[in-house]
There are 4 protein chains.
Amino acid sequence: MARPSRWDDVVRAAGKVFRRNGFAGSSLEQVAEEVGMWKGSLYNYISSKDDLLTAVIAIPAERLTAEAREIATGPGDPAERLREIVRCHVDVLVDNYDFVAVYLQEVAGRDIGAQWRAYDREYAALVEQVVREGIASGAVPSGRDPRLTTMTLLGALNWLTRWWDPAGDVGPDVVTAQIADIVLGSSAPVRTG
Amino acid sequence: MARPSRWDDVVRAAGKVFRRNGFAGSSLEQVAEEVGMWKGSLYNYISSKDDLLTAVIAIPAERLTAEAREIATGPGDPAERLREIVRCHVDVLVDNYDFVAVYLQEVAGRDIGAQWRAYDREYAALVEQVVREGIASGAVPSGRDPRLTTMTLLGALNWLTRWWDPAGDVGPDVVTAQIADIVLGSSAPVRTG
Amino acid sequence: MARPSRWDDVVRAAGKVFRRNGFAGSSLEQVAEEVGMWKGSLYNYISSKDDLLTAVIAIPAERLTAEAREIATGPGDPAERLREIVRCHVDVLVDNYDFVAVYLQEVAGRDIGAQWRAYDREYAALVEQVVREGIASGAVPSGRDPRLTTMTLLGALNWLTRWWDPAGDVGPDVVTAQIADIVLGSSAPVRTG
Amino acid sequence: MARPSRWDDVVRAAGKVFRRNGFAGSSLEQVAEEVGMWKGSLYNYISSKDDLLTAVIAIPAERLTAEAREIATGPGDPAERLREIVRCHVDVLVDNYDFVAVYLQEVAGRDIGAQWRAYDREYAALVEQVVREGIASGAVPSGRDPRLTTMTLLGALNWLTRWWDPAGDVGPDVVTAQIADIVLGSSAPVRTG
DNA sequence: GATGAATGAGCATTCATTCAT
DNA sequence: TATGAATGAATGCTCATTCAT
């Protein structure tokens, strides 16, 4: 369907509100107020509250899986591609803080709505594939369980929304570099800037 | 007030239900049904729904902070103590899967109820202290940001509830050892048992 | 039924609580707490909440009607007997402040529970009878409507629980004398003692 | 907020229901049914049950204090102004029987909600002021306690809702005249019409 | 497209009452 | 007689959703 003009505002507002109060804890009235619209008017844009969650989540989830697909199947040595994945993950996070936070809070790894789990599974599988290549190539220390390593990486990345302020002292580059270092078992000096 | 006999059942049921549906998404009727009790009867044990969340959360939070306090201030070299912290974290998780999951989902790192954030902050501070000692002693690769390293570790551990089955192929010992290895930058072979 | 030992305490507590919160706004738990008893234990004394209201109300209502019956049918000129009725009314009020307040608040003149209205009707009828005699004898100014005069008197008396503190500056004697004076159209000086 | 169209119906229904069952004894479902609306729809008009009580009470309370303020500070000899106050009081009662009954039942002279007691106090003070002038001018028999006289008058007036039917034999004019006569100690013949 | 009143199901909480101990 | 857990109905209030204007 062709989304009318204020669609973006609606989704952005939903992201903000859902992040603050959780999906179940948010009311559409709060979303409407955030957009500057009346409750009933929201239904010119959505057909249900779940619809809104889907829209919020699709934004980072689609970008993340699309880019991961490209990186995972693309050229370059495994270590480099793993770093790219981390960089991409952090970028998406920075660009869509609210949306990512909602996605992680409400959907990722939870037994909720099969339609949303698909993103989750594909993304984790793509990352795991690169991790496996890294183990095979020696870029990741041998002996590491691939899935455990993958989920450790994702855990570290996904936890960022709980504590990290992208505008704070520790910027995106440091975060990217160090998290990649940690997983790669590298003690290379941090590159800033 | 002296908590009567079925108190433990009530909290256990709440943990189960809250984990499944989220706190805001759970109804006390669901909790009551899980205990095998009528909705109104719950109020012989609690005085509000929040009360129940507090009870659920206090269990792992108190144990975790208490043990971390002991480990952080105790003897042993930093690497060893960091491993102990990881082991302890995984143990608490295994023993209280539902409660920990609820804690992480509803409270950890979220702008919710100051009374609950205190646990969070203390625990992270204790872990960070040991991480700093690890960096100072060379057990953790130099150049790592202490807070970022701490949160990477906690992220990895806290993400476990989203994907890890303690009864599955990869057992608690492997998880403990590998997550510690990753953070310590160690590529030592996994020690089991 | 033979009322067990703490019956009086229970009724007294009920009067206090009902006066404070209204009957519908009071819970038996509050009453129980006021007695120093557990909620369930109340049912050793009462068989329902209404039962308690009946008990509370019966105390002043029975005394009031009994004494009014005696005064109304007794000897003495109408003016004197009207004064006696006022004095008796004020006495009952002072002796049973809570109970009277509850009676007036919950029952008097309200379309509630026929069983309680009976007291009301009889008492008003007795007072009206004396008022009529007063009009006939000239003690009450002629031209006055008997029922209106009666209800004016009762209104004045019944409103006392809303503002009058028996222990305050204006004592029971002044109140008794002046209210009687007003209704009798007398401007005689206040007799105290 | 601009009160929408059925606001008046809602308040009128609330007055009716509250009068019948008392505030605490009334449910919003009863009010909704009286309006011909569903329970939840009420919340398009109010934000709480208390809100509704406030609305019901404000109607007679504001009119009463406003008119009493005018009369108390206006011209005319005290006796005349006291009669005007009585007339006004009876008029307000006749025009807003339910609302006045609720006000008297739930608020007047009760230790409830400070926001409502203010009306009460101001009104009584205004009436007392005129009573004092009446005593000073000789219109009210000397020797009368001003506050007691005021409260006797108000008690008589406020008790009307408990027994008086404005459409019955004794009409508003008779009630007005006689209650004023009684307080003024006047035995002037009743003027009807 | 916007409004906002209406709906009706659902929820946390209260409370009179029962009953086994 | 006292206790206090259990019951189950009721209540104030919320909220996703609908719809006439």
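Below, chains carry the letters A, B, ... as their sequence lines are ordered, and counting in each starts from 1.
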Could you go through residues 25-32 of chain A and list every donor-acceptor pair under 3.5 Å that involves a side-chain atom there, pairing it with any protein atom two or more places apart or in another chain?
from    : atom 1 : to      : atom 2 : distance (Å)
A/Ser26 : OG     : A/Val17 : O      : 3.2
A/Ser26 : OG     : A/Gly22 : O      : 2.5
A/Ser27 : OG     : A/Glu29 : N      : 3.3
A/Ser27 : OG     : A/Gln30 : N      : 3.2
A/Gln30 : OE1    : A/Ser27 : N      : 2.8

Please name all residues satisfying side-chain hydrogen bond (donor to acceptor under 3.5 Å, both in side chains) with [X], sequence neighbours left out, ordered by chain then number.
X       : value
D/Asn21 : none
A/Lys16 : A/Glu34
C/Ser48 : none

- Message: My understanding is that only residues two or more places apart in sequence, or in another chain, count here; which of them pass ring-ring contact (aromatic ring centres under 6.0 Å, His included) with C/Phe18?
- Response: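 Partners of C/Phe18 by the ring-ring contact (aromatic ring centres under 6.0 Å, His included) criterion, ordered by chain and then number, come out as C/Phe23.
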Qualifying residues under side chain to side chain contact (heavy atoms under 4.5 Å, CB included), relative to [X], sequence neighbours excluded:
X       : value
D/Glu62 : D/Ala58, D/Tyr119
A/Glu33 : none
D/Asp9  : D/Arg6, D/Arg12, D/Val35

[N] [atom2] sits how many Å from [X] [atom1], rounded?
X       : N      : atom1 : atom2 : value
B/Lys49 : E/dG10 : NZ    : C1'   : 12 Å
C/Asp51 : E/dA16 : CG    : P     : 14 Å
C/Tyr45 : E/dT17 : OH    : C1'   : 17 Å
D/Leu53 : F/dC13 : CG    : C1'   : 17 Å
C/Asp50 : E/dA16 : CG    : C1'   : 11 Å
D/Ile46 : E/dG4  : CD1   : P     : 19 Å

- Between C/Asn44 and F/dA2, is there a side-chain N or O to OP1/OP2 distance below 4.0 Å?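 Yes, C/Asn44 has a side-chain N/O under 4.0 Å of OP1/OP2 on F/dA2.
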- Query: Is any side-chain nitrogen or oxygen of D/Trp38 closer than 4.0 Å to OP1 or OP2 of E/dA6?
  - Reply: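 For E/dA6, neither OP1 nor OP2 has a side-chain N or O of D/Trp38 closer than 4.0 Å.
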- Task: Map C/Lys39 and A/Lys39 onto DNA chain E by nearest heavy atom, then report which one ends up closer to the 5' terminus.
- Result: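 The 5'-side residue here is A/Lys39.
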- Task: Name all stems that contain residues of DNA chain E, defined as runs of 3 or more consecutive Watson-Crick or G-U wobble pairs, both distances under 3.5 Å.
- Result: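 Stems for DNA chain E, defined as runs of 3 or more consecutive pairs: E:2-21 with F:2-21.
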- Item | Positions of residues 20-36 of chain C (non-hydrogen atom under 4.0 Å from DNA chain E), listed by number |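 Correct list: C/Ser26, C/Ser27, C/Leu28.
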- Item | Summary of side-chain hydrogen bond (donor to acceptor under 3.5 Å, both in side chains) pairs that have at least one residue in residues 97-110 of chain B, sequence neighbours excluded |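 Counting only pairs at least two positions apart or across chains, the side-chain hydrogen bond (donor to acceptor under 3.5 Å, both in side chains) contacts touching residues 97-110 of chain B are B/Arg19-B/Asp98, B/Tyr103-B/Asp120, B/Gln105-B/Arg162.
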- At their closest point, which heavy atom of A/Ala14 faces which heavy atom of A/Leu52, and how far apart are they?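 Heavy atoms of A/Ala14 and A/Leu52 come nearest at CB-CD2, 3.7 Å.
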- Return the 5'-most residue of the pair D/Ser48, B/Met37 with respect to DNA chain F, ranking by each residue's nearest nucleotide.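 Going by which nucleotide is closer to the 5' end, it is B/Met37.
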- Query: When you measure from the side chain of B/Ser41 to the backbone N and O of B/Met37, does any donor-acceptor pair fall under 3.5 Å?
  - Reply: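 Not confirmed, B/Ser41 side chain does not pair with B/Met37 backbone.
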Would you tabulate the pairs of protein nitrogen or oxygen atoms and nucleotide nitrogen or oxygen atoms of nucleotides 19-21 of chain F closer than 3.5 angstrom?
none

